[in-house]
Engineer: 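Could you have a look at this structure, given as structure tokens, before my questions?
In what follows, chains are A, B, ... by sequence order, proteins preceding strands, each numbered from 1. Worth knowing before you read on, the calculation uses all heavy atoms, side chains too, and leaves out hydrogens, waters and symmetry mates.
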Amino acid sequence: MGNTVTNQAMTHFKSQVFLILHQSQVGECFSYGEIATLAGFPGYARQVGQLLKKLPKDTKLPWYRVVNAQKRISFIEGSEAYLRQKERLEAEGWLIIAGKLKYKDQ
DNA sequence: TTTCGGGCTCGAT
DNA sequence: GATCGAGCCCGAA
């Protein structure tokens with residue numbers, strides 16, 4: 001068992017992460033670490049990734065608005081997951097130049 | 001109990 | 001920039 005935090009705290013962590021994503025707007029983009037900190041759990045970047053990984057494929061949550069701290073998609077370039085995320089981001093006005101995310105006209 | 005692998009980060013070369 | 005190493009934290013093996 002992981003002893004670091006209580007199950008209750010983990011449950012709270014999850015709901016906070018989901019809430020933040022649910023409330024995010026088109027054109028926004030965060031890093032895993034930012035989401036963790038906003039949720040009140042700094043240092044939990046990897047846990048955010050674990051959570052998003054578990055989301056059902058048809059989820060309505062904008063999981064794709066989360067990239068790594070370098071503003072790069074955290075999947076192997078060219079992989080299916082990478083392409084799915086890239087498409088969705090581009091559909092919201094993001095451009096990917098040399099692997100890095102840039103907002104349109106900026 | 002220990003080890004290891006993940007949609008991670010940050011500081012130092 | 002690009003790489004590397006060391007932290008980070010949980011769950012599964």
Engineer: Roughly, in whole Å, what's the span from CZ in A:Phe13 to P in C:dC8?
Structural biologist: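 So the CZ-P distance, A:Phe13 to C:dC8, works out to 17 Å.
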Engineer: Looking at every heavy atom in both A:Val66 and A:Gln85, which two are closest together, and how far apart are they?
Structural biologist: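 Heavy-atom minimum between the residues: O-NE2, 2.9 Å.
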Engineer: Under the 3.5 angstrom rule, does the side chain of A:Glu92 hit a backbone N or O of A:Gln25 as a donor-acceptor pair?
Structural biologist: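 Not confirmed, A:Glu92 side chain does not pair with A:Gln25 backbone.
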Engineer: Rounded to whole Å, please give me the gap between NZ in A:Lys71 and P in B:dC8.
Structural biologist: 14 Å
Engineer: Rounded to whole Å, please give me the gap between CG in A:Leu52 and P in C:dC9.
Structural biologist: 18 Å
Engineer: Counting only side-chain heavy atoms from C-beta out, which of C:dA2, B:dC10, B:dG7 sits nearest to A:Arg72?
Structural biologist: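 Minimum distance to the A:Arg72 side chain belongs to C:dA2.
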Engineer: Let's test this: given Watson-Crick or G-U wobble pairing with both distances under 3.5 Å, identify the partner of C:dC8.
Structural biologist: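 Answer to the pairing question: none, since C:dC8 forms no Watson-Crick or G-U pair.
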Engineer: Under a 3.5 Å cut-off for both contacts, is B:dG7 paired Watson-Crick or G-U wobble with anything, and if yes, with which nucleotide?
Structural biologist: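 Matched B:dG7 with nothing under the 3.5 Å cut-off.
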Engineer: Can you check the distance between B:dT1 and C:dA12, where both ends of the measurement are the C1' atom (answer in whole Å)?
Structural biologist: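 To the nearest whole Å, 14 Å.
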Engineer: By nearest atom, which of the nucleotides B:dT9, B:dG6, B:dC8 is closest to the A:Gln50 side chain?
Structural biologist: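 For A:Gln50, the side-chain atoms sit closest to B:dG6.
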Engineer: Across the strands shown, which category fits A:Val48 at heavy-atom distances under 4.0 angstrom: base, sugar-phosphate, nothing?
Structural biologist: nothing
Engineer: Could you pick out which residue, A:Arg46 or A:Lys54, lies toward the 5' side of DNA chain C when each is mapped onto its nearest nucleotide?
Structural biologist: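 Looking at the nearest nucleotide for each, A:Arg46 comes out on the 5' side.
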Engineer: Got a sec: does the CD1 of A:Ile76 have more than 12 other heavy atoms crowding it under 6.0 Å?
Structural biologist: no
Engineer: Please figure out whether A:Gln70 or A:Gln85 has its closest DNA chain B nucleotide nearer the 5' end.
Structural biologist: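 Mapping each residue to its closest nucleotide by heavy atoms, the 5'-most match is A:Gln85.
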Engineer: Please report, rounded to the nearest Å, how far the P atom of B:dG6 is from the CH2 atom of A:Trp63.
Structural biologist: 19 Å
Engineer: Ignoring the backbone of A:Tyr32, work out which of C:dG1, B:dC10, B:dC8 is nearest its side chain.
Structural biologist: B:dC8
Engineer: Quick check on B:dC8: is either OP1 or OP2 less than 4.0 Å from any side-chain nitrogen or oxygen of A:Ser31?
Structural biologist: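 For B:dC8, neither OP1 nor OP2 has a side-chain N or O of A:Ser31 closer than 4.0 Å.
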Engineer: Starting at CE of A:Met10 and ending at C1' of C:dC8, how long is that distance when rounded to a whole Å?
Structural biologist: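 A:Met10 atom CE is separated from C:dC8 atom C1' by 14 Å.
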Engineer: Take the protein atom CG of A:Leu51 and the nucleotide atom C1' of B:dG6, then report the distance between them rounded to whole Å.
Structural biologist: 13 Å
Engineer: On the 0 to 90° scale, with breaks at 30° and 60°, tag the A:Phe41-A:His12 ring pair as parallel, tilted or perpendicular.
Structural biologist: tilted
Engineer: Has A:Lys102 got more than 12 heavy atoms of other residues, nucleotides or ligands less than 6.0 Å from its NZ?
Structural biologist: no
Engineer: Between B:dT3 and B:dG7, how many Å separate the two P atoms, rounded to a whole number?
Structural biologist: 23 Å
Engineer: Just the rounded figure in Å: distance from C1' of B:dG5 to CD1 of A:Ile76.
Structural biologist: 14 Å
Engineer: In whole angstrom, give the distance that lies between atom CG of A:Asn68 and atom P of B:dG6.
Structural biologist: 17 Å
